[in-house]
Structures are given as structure tokens and as C-alpha cells.
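Just below is one structure, and these are the notes that go with it.
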Amino acid sequence: MPYKIGKKTKSKGWPILKNEHGAWKVIAHSDGKNKAQASIRARHAGKHNPNW
């Protein structure tokens with residue numbers, strides 16, 4: 001999967017990373033690890049099912 005969760009930072013929380021052309025880039029931040037995981041699931045599902 002092209003998404004993963006990074007290490008928690010003190011100021012912004014959990015970063016959501018996306019692999020673009022072999023490099024991991026931060027695309028968003030979430031204030032909870034569960035929210036970050038849900039966001040990754042939603043992004044992945046939305047990419048594969050546009051009617052979702």
C-alpha cells in the first residue's frame with residue numbers, strides 16, 4: 001500500500017505518508033493514531049472504488 005503512518009511528533013501529531021516515486025512524503029497529519037489509520041483506509045478505498 002502506498003500509505004503509512006510516521007512517528008508521532010509533539011506539535012502536529014501522527015503524519016500520514018505517501019510513497020511517491022520512491023520517496024515518502026507527508027500528505028497530512030492526524031491527532032490520533034486510530035484516526036490516521038482510518039484516513040489511510042478511506043484514501044485507499046476511495047482510490048479503488050470511486051463510488052464509495
Side-chain angles (χ1 to χ4, degrees):
M1 188 172 352
Y3 298 102
K4 74 176 183 178
I5 301 173
K7 291 184 179 181
K8 184 178 185 292
T9 62
K10 289 183 179 181
S11 60
K12 293 188 178 181
W14 298 89
I16 299 171
L17 307 168
K18 182 177 182 184
N19 193 343
E20 294 181 352
H21 310 293
W24 291 99
K25 295 183 180 178
V26 177
I27 57 170
H29 286 88
S30 183
D31 59 352
K33 191 169 186 178
N34 290 337
K35 286 185 179 181
Q37 290 170 343
S39 178
I40 287 175
R41 285 193 299 272
R43 290 169 195 270
H44 191 69
K47 182 177 181 182
H48 292 289
N49 185 3
N51 296 325
W52 182 69

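All values derive from a computational prediction rather than experimental measurement. The chain is numbered in sequence order, starting from 1. Hydrogens, waters and symmetry mates play no part in the numbers below; they use all other heavy atoms, side chains included.
Here Lys8 contributes atom NZ and Asp31 contributes atom CG; the two are 9.5 Å apart, rounded to the nearest 0.5 Å. Atom CG in Leu17 sits 12.0 Å away from atom NZ in Lys25 (nearest 0.5 Å).
Looking only at side-chain heavy atoms (C-beta outward), Arg43 and Ile27 come within less than 4.5 Å of each other.
Taking every heavy atom of both residues into account, Ser30 and Ala36 meet most closely at OG-N, 3.4 Å. Closest non-hydrogen pair, Gly32 versus Trp14, comes out as C-CD1, 3.4 Å. The heavy-atom pair separating His44 from Tyr3 by the smallest distance is N-CE1, 4.4 Å. Contact record, Gln37 with Ile5: CG-CD1, 3.3 Å, taken as the closest heavy-atom pair.
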